[in-house]
Each structure stands twice: as structure tokens, then as C-alpha cells.
Amino acid sequence: ASPIGSIAPTTPTTTSLFLLVLLIPLFVFLSLSRSPSSGEEREEAPTVTLLIWTRPFGEDQRLPDCWELLRVPGCALTYDAGAYPRADAVLVHHREVAIGAADPPPEPRPAAQKWIWMSYESPAHTPELWRLEGLFNLTMSYRADSDIFLPYGYLVPRAGAGTDARALPLSSSSSSEPPRSLFVAWVVSNWSEEHARVSFYRQLSRYIRVDVFGRAGRPLPGGGGHVVRLLRRYRFYLALENSQHTDYVTEKLWNAVAAGAVPVVLGPPRANYERFLPRDAFIHVDDFPSARELARYLLLLRAQPARMRRHLAWRRGCGLRQPDFWAEHYCVACRAVRRTRGRTAEVRHLSRWFES
Ligand SMILES: *[C@@H]1O[C@H](CO)[C@@H](O)[C@H](O)[C@H]1NC(C)=O
Ligand SMILES: *[C@@H]1O[C@H](CO)[C@@H](O)[C@H](O)[C@H]1NC(C)=O
């Protein structure tokens with residue numbers, strides 16, 4: 001079979017099956033305790049204090065009201081280390097502690113206090129993990145098997161009960177959009193010859209034109225916040241992760257989905273991506289024996305709109321959520337602390353787990 005033939009056409013059945021089997025449990029998981037809530041619940045819920053130990057990357061952000069944001073009641077979030085003795089949990093963002101910009105919280109810790117380890121970088125950029133073994137009670141990351149799981153993005157059903165008003169409705173028709181006159185884009189900030197994505201790009205660009213933006217290419221029109229707007233003019237986007245690890249699927253993919261550009265992905269294997277989105281929603285580098293064959297397929301899709309539609313039809317009925325860093329993370333962590341109150345937990349083999 002030709003590699004092109006190996007991409008099965010989207011049928012309504014595969015898309016709805018995906019929605020039922022994968023999206024809804026994920027959605028329910030992520031939104032539990034969000035639905036029907038009253039003002040009273042907010043009043044009565046006992047408050048938990050979550051101390052944010054280090055500001056991720058030193059960014060000084062205003063802390064959210066978790067009730068406003070996610071309908072999580074009874075959360076007191078604070079950056080004030082003076083709250084340590086009474087904090088129910090302490091959230092430690094990996095980077096600052098690993099590079100020595102901050103110390104870990106002090107020992108001995110108050111009884112029943114939980115320490116939460118959080119990282120959203122790939123294992124390749126999560127250094128010195130071994131130094132933090134045996135300290136934590138809960139993990140939080142983009143990995144689905146974290147104690148507290150919050151991915152970079154996720155799909156939700158668009159209509160019906162439990163609809164998330166903050167989700168971006170995805171459109172499968174091109175009628176409401178300006179025509180996509182441009183072909184393939186790539187935004188890259190860290191150009192490193194060590195990365196598989198650079199050699200892939202070199203291969204691919206021998207056969208087709210790729211517009212490169214970011215530090216290594218043309219400046220992004222309107223700055224970094226405008227990637228989605230830029231991608232609305234492209235048919236395809238190279239969503240190439242800096243390294244390949246379980247569940248490490250970042251905003252690169254979701255920005256393409258938001259913009260309606262079909263993502264061409266390099267990251268974990270296809271089966272791993274299919275935990276996050278339907279099989280036709282992306283083109284995986286591994287679907288083709290060579291960059292040349294992949295280039296041929298993209299040219300074919302450009303020439304045949306009917307085939308291109310296969311990669312967009314799944315969007316009907318879907319919405320996209322891209323959680324805000326870090327407001328949503330704090331509130332999801334707080335919700336988990338509330339739910340696990342009175343229970344003990346220990347994270348064993350942090351590095352063996354995260355680096356696997
Ligand atoms: C860029 O990638 C290289 C190679 O993986 C890595 O050592 C470096 O830390 C990265 N730089 C940034 C800013 O992420
Ligand atoms: C948290 O983890 C530490 C280190 O493993 C452990 O000593 C402590 O008992 C745990 N606390 C809770 C509340 O689970």
C-alpha cells in the first residue's frame with residue numbers, strides 16, 4: 001500500500017466514536033465538580049490554602065479566583081511564603097528549584113501538607129530531577145498518568161450538556177474563512193541541530209516551500225501572541241516538538257488546530273497523538289517512509305480539496321480548550337488538593353517515571 005493510501009478516509013463513524021470513547025471521559029474528568037454549582041456551595045466549602053512556592057519562569061502573575069475561573073470553591077491561592085505553616089499544599093514549579101534559583105520548601109513540613117511537583121517542559125528540559133526524589137506527594141504535568149493531569153489543550157464536545165463556554169468552537173467549513181492562500185508554515189524559536197525537527201525540516205524543504213518564522217526565520221507578524229492569526233492563512237503547520245516523549249504534545253499542535261491549519265506532527269508516536277485527537281486531525285511524520293513522500297502527500301492535498309476535507313471534517317461538533325498558563329493550573333491543582341484531603345500519597349521514582 002502506498003503511504004498515501006494508508007490514511008483512511010474520515011467517516012462520521014470514526015469521528016463520533018472518537019468523541020464518545022475519548023473526548024467525553026476526558027472532558028468529564030477535567031470538568032468534574034464544575035457543573036451545577038450554586039453561590040451557597042461557594043460559601044460553605046471549607047477553604048484550602050495552596051501556596052505557590054515559585055513563580056514559573058519568574059513571571060509575576062495575578063492569582064486567579066478559582067470560583068470565577070473553574071467553579072472550584074474554597075481555594076485560597078497565595079505566593080506568600082509566610083503562609084507555609086498553614087498551607088494545605090505547596091505547588092513547586094520544577095525549573096526554579098532545579099536550577100537553584102529557589103530552595104525547596106523547608107523541612108520538617110507541617111503534618112498533612114502535600115507538596116506538588118509541576119513541570120510542563122519535556123524531560124529533556126526538566127533537569128536535575130534526581131535531586132528532587134522522595135520529596136513530593138503529587139505530580140502535575142501534561143502526562144495523562146500524572147496525579148493531576150492538565151494537557152496543553154484538549155477537545156470538548158461543542159453542544160449539549162456540560163458544554164464548556166470557554167471552548168473555542170472549531171469550524172470544518174472554509175466558507176466562513178478567508179481563503180488559505182499559503183501552504184506550509186513553521187514557527188521555531190529554538191533552532192538546534194541536535195533536534196530531530198531540524199533535520200526533518202531540512203529534508204522536507206528540499207521538496208516543498210516551508211515559510212519559517214521565529215527567532216530562526218522571519219519575525220512573527222504582530223509578535224509571538226499572533227501565531228494563531230498567522231496560521232489561519234496556511235493550509236499546514238509543522239507542529240514539531242523539541243523532543244519526543246510520552247504525551248508531550250504542546251501548544252504547537254493546538255495553535256494549528258485553533259487556526260484550522262492541518263498539523264504535521266513530529267513528537268511521540270501516532271498512537272499517542274490519537275489519545276488527544278482523531279486520527280485524521282493530523283498528519284504524522286511517521287506515516288510516510290520519507291520526507292519526500294510526505295511532501296508529495298501535502299502537494300496532493302493542496303491539489304485535491306475533497307481529500308483535504310477529510311482532515312478537517314472531524315472538527316464539526318468539536319470545541320477546543322487551551323488552558324491559560326498558569327491560572328488554570330493553580331485552580332486544577334487546588335481542586336485536586338480538596339479532593340485528596342485527609343489522604344496521604346508519595347511520589348516514588350519521580351525521574352524514572354517522568355523520563356520514561
Ligand atoms: C535549545 O535546545 C538545546 C538542545 O536541546 C537545549 O540545550 C537548550 O536548552 C534549548 N534552549 C532553550 C532556550 O530552550
Ligand atoms: C508527603 O511525602 C513525604 C515524602 O515522601 C512524606 O514523608 C509525607 O508523609 C507525605 N505527606 C502526605 C500528606 O501524604
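We count ligands from 1, going down the list as the structure has it; atoms in each ligand are counted the same way. Along the sequence shown, residues carry numbers from 1. Quick note: numbers below take in every heavy atom, side chains included, and nothing from hydrogens, waters or symmetry partners.
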Item checked: Test of ring centre spacing under 6.0 Å for H93 and F57 -> yes
Note to self: Keeping N272 on the side-chain end and D247 on the backbone end, is there a donor-acceptor pair under 3.5 Å?
What the structure shows: yes
Margin query: Please determine whether side-chain contact (heavy atoms from CB on, under 4.5 Å) holds for the pair W353 and T139, giving the CA-CA distance in whole Å, both sets of side-chain angles, and the decisive distance to 0.1 Å.
Written below: CA-CA 10 Å; W353 164 70; T139 55; 3.7 Å; yes
Item checked: Interfacing atoms of ligand 2 (cut-off 4.0 Å, heavy-atom, R109) -> 1 (C), 2 (O), 3 (C)
Next item on the list: May I ask whether atom 11 (N) of ligand 1 is less than 4.0 Å from at least one protein heavy atom?
Entry: yes
Notebook entry, point to check: Can you tell me the protein heavy atom closest to atom 7 (O) of ligand 2 and the distance?
Noted result: E346 OE2, 4.3 Å
Note to self: Regarding atom 8 (C) of ligand 2: of the candidates D88, L138, N137, which has the closest heavy atom?
What the structure shows: N137
Notebook entry, point to check: Looking at F183, is R209 sitting on its ring face, NZ or CZ under 6.0 Å from the six-membered ring centre and within 45 degrees of the normal?
Noted result: no
Next item on the list: Quick one: look up the protein heavy atom nearest atom 4 (C) of ligand 2 and list residue, atom name and how far away it is.
Entry: G134 O, 3.4 Å
Notebook entry, point to check: Would one find more than 12 heavy atoms of other residues, nucleotides or ligands at under 6.0 Å from atom CZ of R215?
Noted result: no
Next item on the list: Report the nearest protein non-hydrogen atom to atom 9 (O) of ligand 1: residue, atom name, distance rounded to 0.1 Å.
Entry: H125 CD2, 4.0 Å
Check: Out of N242, N190, V198, whose heavy atom is nearest to atom 1 (C) of ligand 1?
Finding: N190
Next item on the list: Indicate whether any N or O donor in one side chain lies under 3.5 Å from an N or O acceptor in the other, for W191 and E193.
Entry: yes
Checklist line | Protein contact to atom 5 (O) of ligand 1 [nearest heavy atom, distance to 0.1 Å] | finding: H195 NE2, 2.8 Å
Check: Just wondering, more than 12 heavy atoms not from R348 lying within 6.0 Å of its CZ?
Finding: no
Next item on the list: Return the residue, atom name and 0.1 Å-rounded distance of the protein heavy atom closest to atom 14 (O) of ligand 2.
Entry: A345 N, 2.9 Å
